[in-house]
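Whatever order the structure lists them in is the order used to number ligands and atoms, beginning at 1.
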Amino acid sequence: MKVGVCDTTFARVNMGAAAVDELRRHASVAIERYTVPGVKDLPVAAKILIEERGCDIVMALGMPGGKEKDRLCAHEASQGLIQCQLMTNHHIIEVFVHEDEAKDDKELAWLAEQRAREHAENTVKLILRPDALIKEAGTGQRQGFEDAGPARH
Ligand SMILES: Cc1nc2c(=O)[nH]c(=O)nc-2n(C[C@H](O)[C@H](O)[C@H](O)CO)c1C
C-alpha cells in the first residue's frame, strides 16, 4: 500500500509533514511526498503520484488565502482534484485550510496541523479499515475544530 502526499510551498504551515507523521502513526505504508508551489499545481501532482508513482490514494494539502480571489483559486483547484479522481478512479483526500478560518497565526498553525492529521487518519481508514468509516457514518465528524455531532430530533 502506498500513500501519496502532495502539498504546497504557498501554505504557511508544513501540512505535508504533519500528514506524513500521522500516516506513520496509524499504518505501515509506503509514502511518496511531492511538494508543488500552489494549490492549482496539486491536481497534476496527484495524477502523477497515482499513475506514475503507484500510489493507491493521495492526500492533497493546501492553504488558500482568505481573499475572494483565493477562494476562486481554491475552487478551481478542487475541481481539478475531483476531475483527477474521476479520471484515475482513486481517492484524493483534499485537505484545504482557508487562511481566514483561524483568528490568528497561532490558531492557523494548530488548525492546519490538526486537519492534516485527522484527514491522514481518514486516509488510512479509507484504504485499510473501511469498516471504521462505516461506524462513523452520520456522526458529524469535522477535521480540526470540534466535531458537529449527530443531529437529534
Ligand atoms: C476547506 C474546509 N475543509 C474542511 C474540512 O476538511 N473539515 C472540516 O471539518 N471543516 C472544513 N472546513 C470548515 C467547514 O466548512 C466549517 O466551516 C467548519 O467545520 C465549522 O463548522 C473547510 C472550510
Side-chain angles (χ1 to χ4, degrees), residues 3-27 29 31 33-47 49-50 55-86 88 90-130 132-153:
V3 181
V5 174
C6 49
D7 64 346
T8 71
T9 57
F10 186 93
R12 298 182 56 221
V13 176
N14 193 337
M15 298 170 72
V20 168
D21 182 62
E22 197 66 23
L23 287 167
R24 292 211 169 111
R25 280 174 203 257
H26 292 277
V29 288
I31 295 171
R33 181 107 182 246
Y34 190 161
T35 302
V36 294
V39 287
K40 287 201 204 172
D41 307 305
L42 288 172
V44 74
K47 189 162 177 283
L49 283 168
I50 293 163
C55 292
D56 300 285
I57 191 164
V58 169
M59 294 182 70
L61 307 109
M63 184 180 284
K67 298 195 177 120
E68 195 47 43
K69 61 187 169 203
D70 298 310
R71 247 184 284 284
L72 182 62
C73 288
H75 176 67
E76 287 166 349
S78 280
Q79 301 276 78
L81 290 171
I82 291 166
Q83 198 180 342
C84 183
Q85 292 185 78
L86 297 174
T88 59
H90 282 63
H91 283 291
I92 300 169
I93 304 300
E94 181 189 293
V95 189
F96 283 2
V97 173
H98 293 261
E99 231 180 313
D100 59 354
E101 283 187 73
K103 63 177 182 302
D104 55 30
D105 270 18
K106 192 172 170 214
E107 189 175 67
L108 184 65
W110 171 83
L111 177 62
E113 180 167 340
Q114 192 61 24
R115 186 166 291 165
R117 288 185 182 280
E118 290 189 40
H119 274 309
E121 232 183 305
N122 281 336
T123 302
V124 169
K125 287 176 187 168
L126 256 178
I127 49 164
L128 294 176
R129 295 163 207 147
L133 284 179
I134 294 173
K135 281 194 191 121
E136 290 176 14
T139 58
Q141 298 294 311
R142 297 291 184 268
Q143 294 76 34
F145 294 125
E146 207 180 325
D147 291 343
R152 308 237 178 247
H153 55 79

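- The shortest distance between side-chain heavy atoms of His91 and Gln85 falls below 4.5 Å.
- Within a 6.0 Å sphere centred on NE2 of His26, heavy atoms belonging to other residues, nucleotides or ligands number more than 12.
- Across Val5, Leu49, Thr88, a single residue satisfies side chain to side chain contact (heavy atoms under 4.5 Å, CB included) together with Val58, and that is Leu49.
- A 4.5 Å side-chain heavy-atom check between Ile92 and Ile50 finds at least one atom pair inside the cut-off.
- Side-chain contact check for Asp41 versus Thr8: every heavy-atom pair is 4.5 Å or farther apart.
- Taking a cutoff of 4.0 Å between a charged side-chain nitrogen and a carboxylate oxygen, Arg117 and Glu113 qualify as a salt bridge.
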Filter the ligand 1-protein atom pairs down to N or O on both sides and distance under 3.5 Å, then list them.
from: ligand 1; atom 1: 3 (N); to: Arg115; atom 2: NH1; distance (Å): 3.4
from: ligand 1; atom 1: 6 (O); to: His119; atom 2: NE2; distance (Å): 2.8
from: ligand 1; atom 1: 7 (N); to: Gln143; atom 2: OE1; distance (Å): 2.7
from: ligand 1; atom 1: 9 (O); to: Gln143; atom 2: N; distance (Å): 2.7
from: ligand 1; atom 1: 9 (O); to: Gln143; atom 2: OE1; distance (Å): 3.4
from: ligand 1; atom 1: 10 (N); to: Arg115; atom 2: NH2; distance (Å): 3.2

